[in-house]
**Q** 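Dropping the structure in here first, questions after.
Heads up: numbering here begins at 1 and tracks the sequence.
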Amino acid sequence: MISDKLYRLRVNDRRVDADFLVMTMGSSIGRYQVVAAISGASGLANNISQASVKEFVLPLPPLGTQRTIADFLDAETARIDALIAAKENLLAILAEQRRALVTHAVTRGLDPSVPMRDSGVPWLGEIPAHWEVTRLKLVATVQSGLALGKKYGSEELTEYPYLRVANVQDGYLDLSAVKTVEVSERDAIGCRLQAGDVLMNEGGDADKLGRGAIWTGEIDPCLHQNHVFAVRPQRVSSGWLNLWTSGDGAKAYFESRSKQSTNLASISAANLKELPIPAPPVEEQASLIQHVNSELEKLGRTESATYTTISLLRERREAVIAAAVTGQLEPEAS
C-alpha cells in the first residue's frame, strides 16, 4: 500500500525505461511542469491532480537510447555526487577547525611555552598561569529583554525596532528582517541596546542556545526581546566575551545548565551569570581576538569557495541530466 498523497506510475516497459523516466521527472523539465501544475491547482497548497500529472509532456527517444542515457546518467551523477560529498566533508572539517581554533585560543592562548595551572573548573582544565578565572556576573551585567504582548491601556507608546532570536546568529547578526513593537518609554529604557553589548540567545532549538554576536549600534535606538540577553561587559572586552561564549567550553556549560524540553532548550539569566570565564590581561585579550579573527577570515574564504564549488557542481548535475534527456547530449552506448 502507498499513501493517498502519492501517485504510482506504471510504465510500459516496452516503450519506457523506468530509470530514464525517473531521471526525466527529477530534471528541470519535470520540476518545471510540477511547479506549473501546483501554481494552477485549486484547493490545498502543493496539491497536484492526477489529471495534471497525466498531461505532463516528456521527451521519449527509442527504448534503447533511453537505457543508454539512463546508464550514462547513473554513472555521471554518481561521479558528481561523490565530488559534492567530498566538498561537504571539507566543510565539516573546516567547521571543526573553526571550533578547535576558538576553543584553543580562549583556554590555552598563543604561547605554548607559558606556564599552566589548574583553572579550578573541572571541564575547563588547565589555563595559562597568569590568567584569571572569574564569573560572568563579576565582569558584566546581564540585561533581560522585552516581553511581548503587554497591555498598556491608555499609556502613550512609541514604536521601536527590536531584535529576536532569529536576528542573533552564531557570530553575526541577521538584520534583514527586523520587527517593531510599540512600548512605553519606561519599558524601552530597560531593554535598549548599547554598542558593545554581546547578544546571547536564551534558547530555542538546541543549536541556538547561547549563540551570539556583538551589537555595534547598527540600528539606533533598538530594543531586544526577552529571549535575547544583552550582556554588557565591564572588566573584559566585548570581543573576548563573544569569543569565549562561541567556544566549546561555554557551549557545554550552557547545555549542562539549560532547561530541556522536546527539541528545545533554554538557559536562565541566573545560570548565565554563573558562567566561568578565563580572563587574560586586556592587552592579551586584544592580541588573541586579532589572531583568531585573522584565522577565521582565512577559513571563511575557504568555506565560501567550497560553497561556490558545491553550487556549481549541483548546477552541472542539473545541466547534464537536462541535456541528456532532451537529446542535446548523446552518450555512446557501452
Side-chain angles (χ1 to χ4, degrees), residues 99-111 114-145 163 165 168 170-171 190-204 206-215 224-260 265-289 291-293:
R99 288 192 297 271
L101 169 67
V102 172
T103 299
H104 187 275
V106 298
T107 57
R108 299 293 185 270
L110 299 178
D111 185 357
V114 71
M116 306 292 285
R117 69 173 178 86
D118 184 13
S119 66
V121 180
W123 52 265
L124 180 54
E126 289 191 332
I127 60 171
H130 64 287
W131 287 17
E132 177 187 359
V133 177
T134 184
R135 301 275 173 177
L136 181 63
K137 65 184 179 182
L138 300 178
V139 295
T141 59
V142 177
Q143 177 175 282
S144 297
L163 298 189
V165 169
V168 183
D170 195 1
C191 54
R192 184 166 174 171
L193 295 173
Q194 294 182 14
D197 287 347
V198 178
L199 304 178
M200 299 175 61
N201 285 329
E202 173 199 37
D207 66 323
K208 297 181 178 64
L209 184 65
R211 76 179 183 190
I214 300 174
W215 179 252
H224 61 106
Q225 191 183 3
N226 59 334
H227 297 303
V228 176
F229 295 117
V231 182
R232 198 157 292 159
Q234 297 165 338
R235 290 181 49 217
V236 294
S237 70
S238 298
W240 178 257
L241 178 57
N242 188 57
L243 197 62
W244 166 245
T245 55
S246 66
D248 288 345
K251 290 183 182 297
Y253 172 83
F254 295 144
E255 290 180 8
S256 70
R257 294 297 187 95
S258 66
K259 181 180 179 181
Q260 303 279 343
S266 62
I267 189 166
S268 67
N271 279 318
L272 179 61
K273 291 176 181 178
E274 295 299 325
L275 171 68
I277 299 176
V282 174
E283 298 80 6
E284 190 173 354
Q285 291 178 32
S287 297
L288 285 164
I289 293 167
H291 169 76
V292 170
N293 286 343

**Q** Please check if the side chain of D248 supplies one atom and the backbone of R99 the other of a donor-acceptor pair under 3.5 Å.
**A** no
**Q** If you look at every heavy atom in S238 and P233, which pair is closest and at what distance?
**A**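 Shortest heavy-atom separation between S238 and P233 comes out as OG-CG, 3.7 Å.
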**Q** Can you tell me if Q143 uses its side chain to pair, donor with acceptor, with the backbone of R192 under 3.5 Å?
**A** yes
**Q** L136 versus L241: any side-chain heavy-atom pair under 4.5 Å?
**A**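 Yes, at least one pair of side-chain atoms sits under 4.5 Å.
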**Q** Please tell me if the side chains of I277 and R135 come closer than 4.5 Å, counting only heavy atoms from C-beta onward.
**A**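 No. Closest side-chain heavy atoms not under 4.5 Å.
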**Q** Please determine whether side-chain contact (heavy atoms from CB on, under 4.5 Å) holds for the pair E202 and N226, giving the CA-CA distance in whole Å, both sets of side-chain angles, and the decisive distance to 0.1 Å.
**A** CA-CA 8 Å; E202 173 199 37; N226 59 334; 5.8 Å; no
**Q** Can you tell me if W244 uses its side chain to pair, donor with acceptor, with the backbone of G249 under 3.5 Å?
**A**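 Judged by distance alone, no pair lies under 3.5 Å.
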**Q** Which heavy atom of L124 sits nearest to which heavy atom of S119, and what is that distance?
**A**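 The answer is CB-OG, 3.5 Å.
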**Q** Minimum heavy-atom separation for I289 and S237, please, with both atom names.
**A**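 Nearest pair, atom of I289 first, then S237: CD1-OG, 3.5 Å.
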**Q** Does any part of the side chain of M200, heavy atoms only, come nearer than 4.5 Å to the side chain of F254, both counted from C-beta?
**A** yes
**Q** So, taking the atom named OG1 in T245 and the one named NZ in K251, what distance separates them when rounded to the nearest 0.5 Å?
**A**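 The distance works out to 7.5 Å.
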**Q** If you look at every heavy atom in V292 and A105, which pair is closest and at what distance?
**A** CG2-CB, 3.4 Å
**Q** Do S246 side-chain atoms and L243 backbone N/O form a donor-acceptor pair below 3.5 Å?
**A**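 Looks like yes, one N/O pair under 3.5 Å.
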**Q** What is the distance from atom CG of L110 to atom CG of L288, rounded to the nearest 0.5 Å?
**A**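 If we round to the nearest 0.5 Å, L110:CG and L288:CG are 4.5 Å apart.
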**Q** Quick one, E284 and D111 - any side-chain contact, counting heavy atoms below 4.5 Å?
**A**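 With C-beta onward as the side chain, the pair stays apart.
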**Q** Run the numbers on Q234 and T141 for side-chain contact (heavy atoms from CB on, under 4.5 Å), then give the verdict.
**A** CA-CA 8 Å; Q234 297 165 338; T141 59; 3.2 Å; yes
**Q** What are the two closest non-hydrogen atoms of V121 and P276, and how far apart are they?
**A**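 Closest approach of V121 to P276: CG2-CB, 4.1 Å.
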**Q** Go through the steps for V114 and M116 under the test side-chain contact (heavy atoms from CB on, under 4.5 Å), then give the verdict.
**A** CA-CA 6 Å; V114 71; M116 306 292 285; 4.1 Å; yes
**Q** Could you go through V236 and T134, starting from their C-alpha distance and side-chain angles, then the distance that decides it, and tell me whether this counts as side-chain contact (heavy atoms from CB on, under 4.5 Å)?
**A** CA-CA 10 Å; V236 294; T134 184; 5.6 Å; no
**Q** Evaluate the side-chain proximity of H130 to P281: yes if any heavy-atom separation is below 4.5 Å, no if none is.
**A**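 Yes, close enough: below the 4.5 Å cut-off.
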**Q** So, does Q225 use its side chain to make a donor-acceptor pair with the main chain of G145 at under 3.5 Å?
**A** no
**Q** Looking at V139, is its backbone amide N or carbonyl O close enough to the side chain of R235 to form a donor-acceptor pair, meaning the two atoms are under 3.5 Å apart?
**A** no
**Q** Determine whether the aromatic ring centres of W131 and W240 lie less than 6.0 Å apart.
**A**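 So the answer is yes for these two rings.
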**Q** Looking at every non-hydrogen atom in both residues, tell me the closest pair between V231 and A140 and how far apart they are.
**A**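 Heavy atoms only, the tightest pair is CG1-CB, 3.7 Å.
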**Q** Counting only N and O atoms by type, is there a donor-acceptor contact under 3.5 Å from the side chain of Y253 to the main-chain atoms of N271?
**A**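 Indeed, once roles are kept as given, a pair shorter than 3.5 Å links the two residues.
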**Q** Which value, rounded to the nearest 0.5 Å, describes the distance between N201 atom CG and I267 atom CD1?
**A**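 Rounded to the nearest 0.5 Å, the CG-CD1 separation comes to 12.0 Å.
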**Q** Return yes if some donor-acceptor pair links the side-chain N/O of R232 with the main-chain N/O of D197 below 3.5 Å, else return no.
**A** no
